[in-house]
2 protein chains.
Amino acid sequence: MAAVSTRDQIVEIADDLFYRGGFEATSFADIAAGVGISRGNFYYYFKTKDEILDAVIDRRIARTRGMLDGWETEAPEPRERIVAFIELLIANRAPIMAYGCPVGTLCAELAKLDHVHQERAADIFGLFAHWLEKQFRALGAEEAAREWALHVLAWSQGVASLATVFKDEAFIRREVADITGWLDRQIVSLSQ
Amino acid sequence: MAAVSTRDQIVEIADDLFYRGGFEATSFADIAAGVGISRGNFYYYFKTKDEILDAVIDRRIARTRGMLDGWETEAPEPRERIVAFIELLIANRAPIMAYGCPVGTLCAELAKLDHVHQERAADIFGLFAHWLEKQFRALGAEEAAREWALHVLAWSQGVASLATVFKDEAFIRREVADITGWLDRQIVSLSQ
DNA sequence: GATTGATTTGGACAATTGTCCTAATTGTGG
DNA sequence: CCACAATTAGGACAATTGTCCAAATCAATC
């Protein structure tokens with residue numbers, strides 16, 4: 001088993017702390033304490049806070065890619081792949097109700113901070129959007145694929161937002177069923 | 001014309017700065033500079049940062065109530081009232097693309113900060129939810145009114161989120177048309 | 001015009017922030 | 001075992017944070 005490098009540990013902890021507490025509210029000291037190293041050692045790997053954010057976004061992009069690739073190998077049908085994405089809301093319902101969607105909340109915060117890495121974070125959304133578009137195209141939706149992809153993406157973002165506000169698990173399950181129903185209606189409409 | 005009190009000015013500026021920059025990232029100094037008063041004078045009106053947040057939430061609740069009441073007097077039909085809510089996305093598209101939805105982003109931030117006023121901010125959402133439910137009930141939707149209200153709320157939140165990320169005005173208009181279409185289909189289904 | 005209360009000022013305060021540096025400690029190859 | 005590079009530790013730093021206070025100024029009343 002490969003030993004986890006200190007750098008990777010820092011990025012992993014920072015990723016988690018940024019998600020649960022927000023980027024701005026998480027300090028160097030918080031991350032160093034989480035990893036169990038001194039702030040000086042920390043500086044050896046990352047000179048500025050933006051560099052950590054950059055590494056965290058890299059990690060999230062890589063993990064998102066891995067997840068999307070995994071669905072493409074595991075689920076043979078595009079419909080099941082899209083359903084797997086939608087059901088992320090159920091699988092992650094506990095952290096979502098507590099902290100929201102990791103991607104959406106990061107993008108929202110960086111937009112307010114007018115941060116340089118704003119667009120890099122938006123690329124994670126771009127990954128989802130492009131992947132969903134690909135699945136809809138595989139289903140036979142030609143010109144509508146992009147719009148449907150953004151529609152599913154927006155819908156799930158909205159569900160995550162309200163889930164955080166109202167902490168209502170039944171609401172999540174109801175909306176997930178609704179999105180799945182919408183998806184099946186679109187599929188039916190394609191074969192007509 | 002009634003002179004605007006210093007206190008009201010502080011709350012107004014704080015409201016705007018919290019929206020555009022976030023609660024955590026906005027400092028006492030920022031607000032004082034925005035109003036044009038000294039930090040000491042600031043303290044005369046608000047002892048802690050949480051007190052300002054409390055006042056800002058009060059203001060937002062009052063303004064939301066005013067807006068909802070206005071729609072009820074101006075628009076005679078429930079459908080037009082709901083459409084007025086949906087079209088907030090278009091009316092406020094510029095600030096939404098820059099800073100997101102004021103209510104959604106505040107709730108998301110307070111959730112991460114695990115802030116005491118988290119639930120007070122969620123009450124603003126409660127206002128919208130209850131008002132939408134009332135409109136759907138007036139349309140004749142009995143048991144589904146609550147679910148439809150949350151559905152419209154979640155949908156518009158999702159559109160706001162993606163609008164901030166992709167800065168795509170055409171997307172906003174397309175989704176607003178979609179929600180309106182959905183609304184009309186629900187209305188038709190009620191009369192059958 | 002004097003008195004009194006409301007308002008405003010500028011700065012003190014301890015704590016925390018991101019950043020940076022030097023010295024000590026590791027581990028590795030010769 | 002030694003030399004050298006990689007890594008770690010601990011603290012210095014200037015700036016900023018939220019909080020708080022004493023003194024100055026304003027406005028209204030008698």
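Below, chains carry the letters A, B, ... as their sequence lines are ordered, and counting in each starts from 1. In what follows, every heavy atom counts, from backbone to side chain, and hydrogens, waters and symmetry copies are set aside.
Computed from coordinates, the A:Phe42 CZ to D:dG11 C1' distance equals 17 Å when rounded to whole Å. Atom CD in A:Glu24 sits roughly 13 Å away from atom C1' in C:dT16 (whole-Å rounding). The distance from atom CZ of A:Arg39 to atom P of C:dT22 is 17 Å, rounded to the nearest whole Å. Taking atom CD1 on A:Ile52 and atom P on C:dT17, their separation rounds to 13 Å, with Å as the unit. Spacing between atom CG of B:Asp30 and atom P of D:dA15 amounts to 17 Å, rounded to whole angstrom units. Distance A:Gln9 CD to D:dT8 C1': 14 Å, rounded to the nearest Å. Rounding to whole angstrom units, CD1 of residue B:Ile10 and P of D:dG18 are separated by 14 Å.
Among the nucleotides D:dT19, D:dG11, C:dA6, the one closest to the side chain of B:Tyr44 is C:dA6. Each of C:dT17, C:dG10, D:dA12 was ranked by its minimum atom distance to the side chain of A:Ala29; first place goes to C:dT17. Comparing C:dT9, C:dT19, D:dA6 by their nearest atom to the side chain of B:Asn41 picks out C:dT9. Counting only heavy atoms from C-beta on, B:Lys49 has its side chain closest to D:dG18 among C:dA6, C:dG10, D:dG18. For A:Ser38, whose side chain is taken as the heavy atoms from C-beta onward, the closest listed nucleotide among D:dA9, D:dC20, C:dT19 is D:dA9.
Taking 4.0 angstrom as the limit, B:Tyr43 places a side-chain polar atom (N or O) nearer than this to OP1 or OP2 of D:dC20. The phosphate of D:dT7 (OP1 or OP2) has no side-chain N or O of A:Thr6 nearer than 4.0 angstrom.
Contacts of B:Tyr45 with the nucleic acid, taken as non-hydrogen atoms under 4.0 Å apart, involve only primed sugar atoms and P, OP1 or OP2. Contact annotation for A:Ser27: backbone-only contact, meaning every heavy-atom pair under 4.0 Å involves sugar-phosphate atoms and none involves a base.
Judged by a 6.0 Å distance limit and a 45° cone about the ring axis, B:Lys134 is not positioned over the six-membered ring of B:Phe136. A cation-pi geometry, defined here as NZ or CZ lying under 6.0 Å from the six-membered ring centre and within 45° of its normal, does not hold between A:Lys49 and A:Phe46.
Mapping B:Gly40 and A:Phe28 onto DNA chain C by nearest heavy atom places B:Gly40 closer to the 5' end of the strand.
Side-chain N/O atoms of A:Glu175 and A:Trp155 include a donor and acceptor closer than 3.5 Å.
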Mind listing the side-chain donor-acceptor pairs of residues 81-91 of chain B below 3.5 Å, one per line with the distance, residues two or more places apart or on another chain?
from: B:Arg81; atom 1: NE; to: B:Ala75; atom 2: O; distance (Å): 2.8
from: B:Arg81; atom 1: NH1; to: B:Glu72; atom 2: OE1; distance (Å): 3.4
from: B:Arg81; atom 1: NH1; to: B:Gln135; atom 2: OE1; distance (Å): 3.1
from: B:Arg81; atom 1: NH2; to: B:Glu72; atom 2: O; distance (Å): 3.1
from: B:Arg81; atom 1: NH2; to: B:Ala75; atom 2: O; distance (Å): 3.3

For this session: Take A:Glu80 and A:Trp71 through the side-chain hydrogen bond (donor to acceptor under 3.5 Å, both in side chains) test and state the conclusion after the steps.
Result: CA-CA 9 Å; A:Glu80 269 60 48; A:Trp71 286 338; over 6 Å; no
